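Scroll down for the structure; my scribbles are underneath it.
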Amino acid sequence: MPNFLRTIREDIQAIFERDPAARTTLEVLLCYPGLHAIIMHRIAHGLFKRGWVLLPRIISNISRFITGIEIHPGAKIGKKLFIDHGMGVVIGETAEVGDNVTIYQGATLGGTGKEKGKRHPTIGDNVVIASGAKVLGPFKVGDNSKIGAGSVVLREVPDNCTVVGVPGRIVVKDNVKVQRTEIDLDQTKLPDPVFDEMHLLRKKLFALEQRISEIERRDIDEII
């Protein structure tokens, strides 16, 4: 019980560290569905580890009904998880979430089929999973990595990377740009590798059109 209460205090501390809207402990306890979902999950997970099946699933479903967040009782959740807003967040049975992770609304840590065993992702420490992102499969997202809003990640992500797009592409690794785009990931400034490629194609097309026009003008001058 002391360990459980200490973990909850750490979860509350994480909210104050990462949400400027949080003002008082009472407000956080009463008004943050992400915290409610985490507390109920920690209870359900404790029962699940002791061999209970039905009761943890019932607690999980009650939590989903109240908070809009679905966390399977089998999922392993680290310290200081912050689920911001949280509506539509789904965390599968064999998912593992490290410490100091931030997950925004609509994100999914899911599987890709009906296979048994490990089928959901492992999330490292200090990871940010932005709104609507889908991380699907039994691979790891490395420590300190960031998954951009709306991205669909289907393969392993090394440490210290930024991933965006569908399917997800690594655009920054170890603070070095992988794509030709300037980024500094927060929730409002994300690189767009598809746009970058289209921009390069447009530039090449424009140069080609200019070259063709020059050739046509030269041919006309020669005829005249």
Side-chain angles (χ1 to χ4, degrees), residues 1-19 22 25 28-29 31-112 117-147 153 156-157 159:
M1 191 66 173
N3 290 337
F4 176 79
L5 293 177
R6 182 170 60 250
T7 301
I8 298 305
R9 283 196 294 268
E10 291 173 343
D11 293 332
I12 293 172
Q13 180 186 351
I15 293 173
F16 283 110
E17 290 172 354
R18 288 173 242 169
D19 186 0
T25 301
V28 168
L29 284 171
C31 303
Y32 276 69
L35 178 63
H36 303 158
I38 292 168
I39 292 173
M40 285 189 277
H41 170 73
R42 296 198 189 283
I43 295 170
H45 183 66
L47 295 171
F48 190 83
K49 288 195 301 182
R50 289 167 174 77
W52 294 65
V53 177
L54 181 58
L55 182 56
R57 292 302 301 272
I58 291 173
I59 294 172
S60 174
N61 276 273
I62 293 171
S63 174
R64 181 178 63 175
F65 178 78
I66 294 172
T67 67
I69 298 167
E70 180 174 349
I71 309 176
H72 192 284
K76 297 177 181 178
I77 304 296
K79 298 177 182 179
K80 302 181 78 172
L81 170 65
F82 175 39
I83 301 177
D84 193 15
H85 298 290
M87 181 63 70
V89 167
V90 177
I91 301 177
E93 178 184 9
T94 61
E96 300 175 47
V97 179
D99 298 336
N100 301 306
V101 171
T102 302
I103 300 177
Y104 290 88
Q105 64 271 16
T108 298
L109 307 181
T112 57
K118 176 68 171 171
R119 59 192 184 278
H120 300 100
T122 296
I123 308 299
D125 297 339
N126 310 309
V127 171
V128 175
I129 303 175
S131 304
K134 314 299 178 187
V135 185
L136 307 176
F139 53 82
K140 182 175 181 180
V141 175
D143 297 347
N144 310 307
S145 290
K146 300 173 183 178
I147 310 300
V153 184
E156 186 161 339
V157 177
D159 294 348

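Keep in mind that what you see is a predicted model, and the values were worked out from it rather than measured.
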What distance separates [X] [atom1] from [Y] [atom2], expressed to the nearest 0.5 Å?
X      : Y      : atom1 : atom2 : value
Ile59  : Ile71  : CD1   : CD1   : 12.5 Å
Thr67  : His85  : OG1   : NE2   : 14.0 Å
Asn100 : Phe82  : CG    : CZ    : 12.5 Å
Glu10  : Leu81  : CD    : CG    : 12.5 Å
Ile123 : Ile103 : CD1   : CD1   : 7.0 Å

Mind listing the closest non-hydrogen atom pair of [X] and [Y] along with its distance?
X      : Y      : answer
Ala37  : Ser63  : CA-OG, 3.6 Å
Ser145 : Val157 : OG-CG1, 3.8 Å
Thr102 : Tyr104 : CG2-CE1, 3.6 Å

Does a donor on one side chain sit under 3.5 Å from an acceptor on the other, for Thr112 and Arg119?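 No, Arg119 and Thr112 have no side-chain donor paired with an acceptor closer than 3.5 Å.
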
Do Asp84 and Tyr32 have a side chain donor and acceptor closer than 3.5 Å?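 Looking only at side-chain atoms, Tyr32 and Asp84 do not form any donor-acceptor pair under 3.5 Å.
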
Under 3.5 Å: donor-acceptor pair, side chain of Asp143, backbone of Asp125: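 Pair found, side chain donor or acceptor close to backbone of Asp125.
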
Side chain Ser60, main chain Pro56, donor-acceptor under 3.5 Å: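 Absent.
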
Closer than 4.0 angstrom, basic N to acidic O: yes or no for Asp11 and Arg42?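 Salt bridge: yes.
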
Derivation and outcome, side chain to side chain contact (heavy atoms under 4.5 Å, CB included), residues Ile129 and Leu109: CA-CA 10 Å; Ile129 303 175; Leu109 307 181; 3.6 Å; yes

With sequence neighbours excluded, give me every side chain to side chain donor-acceptor pair (under 3.5 Å) pair touching residues 133-142.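 Side chain to side chain donor-acceptor pair (under 3.5 Å) check on residues 133-142 returns Thr108-Lys134.
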
Heavy-atom distance under 4.5 Å between the side chains of His72 and His120, does that happen here?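 His72 vs His120: side chains apart.
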
